[in-house]
Amino acid sequence: MQELVEMREVMVHFPLQRGETVRAVDGANLTLAPGEAVGLVGESGCGKSTLARALLRLVPLSAGEVWFDGKPLHRLPERELRPLRRQMQIVFQDPMASLNPRLRIGHILTEPLEVHGLARGKQAWQQAGRLLERVGLSPEYLNRYPHEFSGGQRQRICIARAIATQPRLLVADEPTSALDLSIRAQIHALLRDLQRELNMAILFVTHDLHAVRQVCSRVLVMYLGKMVESAPADRLFTAPAHPYTHALLDAVLEPKPSLARRPRNLPAGDVPTALRVPAGCRFHTRCPYAQERCRVEEPELRAAGEGHQVACHYPLSTETEP
Amino acid sequence: MSTAFEPLLRVDGLTVAFGQEPPVVREVSFEVMPGETVGIVGESGSGKTMTALSIMRLLPPGGRIVRGSILFAGTPLHQYSEAQMRQVRGGDISMVFQDPFTCLNPVMRIGEQVAEAARLHRDRAEGDPYDLALQMLRAVHLPDPDRIARRYPHELSGGQRQRVMIAMAFICHPRLLIADEPSTALDVTVQLQILHLMREMQQQQRTAVLLITHDIGVVAYTCDRVLVMHEGQIVESGSVYEVLEHPRHPYTQRLLEAVA
Ligand SMILES: Nc1ncnc2c1ncn2[C@@H]1O[C@H](COP(=O)(O)OP(=O)(O)OP(=O)(O)O)[C@@H](O)[C@H]1O
Ligand SMILES: Nc1ncnc2c1ncn2[C@@H]1O[C@H](COP(=O)(O)OP(=O)(O)OP(=O)(O)O)[C@@H](O)[C@H]1O
Ligand code: SF4
Ligand SMILES: [Mg+2]
Ligand SMILES: [Mg+2]
């Protein structure tokens, strides 16, 4: 089957004044099958948002390729990109910032329908009402303004707008980090339902490993601009192969004291910045298993079992299944 | 004088309101024993920060304590003048916020800032303030403290800035540390290092900690007791083992289901 999205060796570098360069995304690979929900995790500043924006061509690539449905986004002119835009939508962390406060919800939702010529007038308005219902809100809200809603309701509205054009890909960049715990779970359930019903692929960017389990079937782990591991969600959580993934999982604090207080093995030191990416394996400055080879030779992503890839010279568990 | 068996902090019937609006903190009562770590959890807007700011007497303009008392080591903070409170803040009670940028002076070198805290709240006989500052920067495990001391806040990483905040909070040997979301802006692997560090400093100095957070896991990991706030009130309190393993109040149960 053809992949819906394929990103190959993508780099996004930001030059700074003093001749320094931020290597925000630094040779990342990513594939998404049609209808697949994939989680993208990693610590703050590792390049998740920049990669997501590069995928939608919202930020220029410094190098690499981005293919969407067999089309080379990295070399399409804006004119040819426009019809593809309705198939790729994004939802951001802060719903208030992405909703125009002066527009009624009805206008916010009918706009994409009219722009892409999918419906107009009364018909568009009715369709907007159905979209609201689909995300769990009353169609009566069409006449209200964004400030009349809670944070969770606003994020539902953003999701309704994103699915208005029936996209094949939804990028959700930390859609629930600004929301309360109780509301987060509801939004995650909504995303998962929509993905299944609409057969829509989701790239779910988050810090929250718990959320990934609720929404995604596969997980990508990013460290300093590059993928270090890719695995089916079940496998990643039970048998992580990369020492960084292991540390990330081990740092999760369980909500019960009897579990939270178990002994842990944490990596020492701060996360290096994208201005000074270490040579060799980029995790070697903090890795408890680092050897001499790790300081000089950068590990490539390679198979570590069924659907499982890892970029490490000495992975933790690589038993290939029979 | 308080003893080990008397609470260091006793908040009784605290009620806080803005103007004529309904109170945002209602009849809140709790105690913190010397050396104890008490967590406050609850959803956004439940009144956690306003409770903490009442103790420091730093409520935002328009906010006031309508009723209730705050006894710190037996002294009534709610009756203190602003001049008296200035002695307490950063001395016997210090506070760490979520965003170190709001508390660090952007145009002052790190070493100077930490030394300034020592100058204000430590006895000159204990040593030169700058030396005390360097000792403290070493104690929070900052690499190469002499070099870091000469840098400005924006030249440090988030985790390093958080360590500096903790150095500043502990340099005056506070008896109570109030930490409002101290680690949420950090990476998970660094967050744990910071929580460890806080506990290490707390044990050395026998400091009591009031820890405000959204993160139930952080409470489970670090606190002795926990208070659950909902709409300005404490709906449940007890040891973390009781409350987090066997919640009784339906609100606590819902809060925990969301993370289970
Ligand atoms: N426009 C820009 N100019 C310079 N540097 C940038 C720019 N945008 C991002 N960066 C840097 O690129 C790196 C990656 O940033 P990015 O926002 O992609 O991280 P992230 O993984 O999404 O982090 P978070 O989890 O905090 O959202 C960071 O070091 C960031 O400071
Ligand atoms: N300056 C202010 N004027 C009026 N109301 C305020 C002000 N500051 C806070 N409030 C209100 O007081 C209530 C409690 O706020 P508080 O900041 O204590 O919540 P919190 O529990 O700390 O929430 P969060 O987890 O989001 O930090 C909220 O309803 C808030 O809207
Ligand atoms: S390659 Fe070496 S340093 Fe990198 S993660 Fe693997 S063991 Fe650690
Ligand atoms: Mg981001
Ligand atoms: Mg608060």
Side-chain angles (χ1 to χ4, degrees), chain A residues 41-46 150-152 176-189 206-211 213-214 223-224 243-262 264-276 283 285-287, chain B residues 37 39 41-46 141-143 148 155-163 183-196 199 213-226 230 239-247 251-260:
Chain A
V41 303
E43 291 177 276
S44 184
C46 72
S150 72
T176 55
S177 322
L179 304 177
D180 265 349
L181 283 177
S182 51
I183 297 159
R184 280 185 203 183
Q186 298 168 8
I187 300 281
H188 296 151
T206 182
H207 280 117
D208 182 349
L209 294 167
H210 188 65
R213 277 192 130 150
Q214 291 176 322
Y223 187 76
L224 279 182
Y244 173 66
T245 311
H246 188 260
L248 207 58
L249 295 177
D250 203 35
V252 173
L253 296 171
E254 296 84 351
K256 287 187 164 42
S258 54
L259 299 173
R261 296 179 188 204
R262 66 189 162 75
R264 290 162 208 266
N265 259 325
L266 291 175
D270 266 353
V271 186
T273 75
L275 274 173
R276 281 179 208 75
F283 188 52
T285 56
R286 301 173 72 209
C287 181
Chain B
T37 302
V41 297
E43 69 198 37
S44 186
S46 56
H141 307 293
L142 277 166
I148 292 228
E155 297 176 307
L156 304 185
S157 75
Q160 289 174 331
R161 277 196 294 269
Q162 207 74 32
R163 281 169 203 266
S183 57
T184 40
L186 297 172
D187 300 324
V188 279
T189 53
V190 178
Q191 161 174 302
L192 265 190
Q193 294 170 1
I194 297 291
L195 292 174
H196 259 288
R199 191 154 61 187
T213 178
H214 273 114
D215 189 336
I216 311 277
V218 168
V219 172
Y221 184 65
T222 54
C223 295
D224 302 306
R225 282 191 306 122
V226 59
H230 179 51
S239 87
V240 286
Y241 287 92
E242 280 166 26
V243 175
L244 300 183
E245 312 250 355
H246 308 288
Y251 175 73
T252 316
Q253 289 169 356
R254 265 190 289 138
L255 201 65
L256 294 177
E257 269 164 27
V259 290

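Below, read A as the first sequence line, B as the second, and so on, with proteins coming before strands; counting in each chain starts at 1.
Closest heavy-atom contact between E254(A) and A220(B): O-CB, 3.5 Å. Across P257(A) and L244(B), no two heavy atoms sit closer than the pair CD-CB, 3.8 Å. The shortest non-hydrogen separation linking Y241(B) to R261(A) is OH-CD, 3.7 Å.
For R286(A), the part lying under 4.5 angstrom from a heavy atom of chain B is the side chain only. Contact annotation for V243(B): neither backbone nor side-chain heavy atoms come within less than 4.5 Å of a heavy atom of chain A. Interface residue R264(A): only side-chain heavy atoms are found under 4.5 Å from chain B.
Listed by chain and number, the residues in a side chain to side chain donor-acceptor pair (under 3.5 Å) with T252(B) are E236(B) (sequence neighbours excluded). In this structure E155(B) satisfies the side chain to side chain contact (heavy atoms under 4.5 Å, CB included) test together with R151(B), Y152(B), sequence neighbours excluded.
Side chains of L253(A) and T222(B) form no contact here, defined as non-hydrogen atoms less than 4.5 Å apart.
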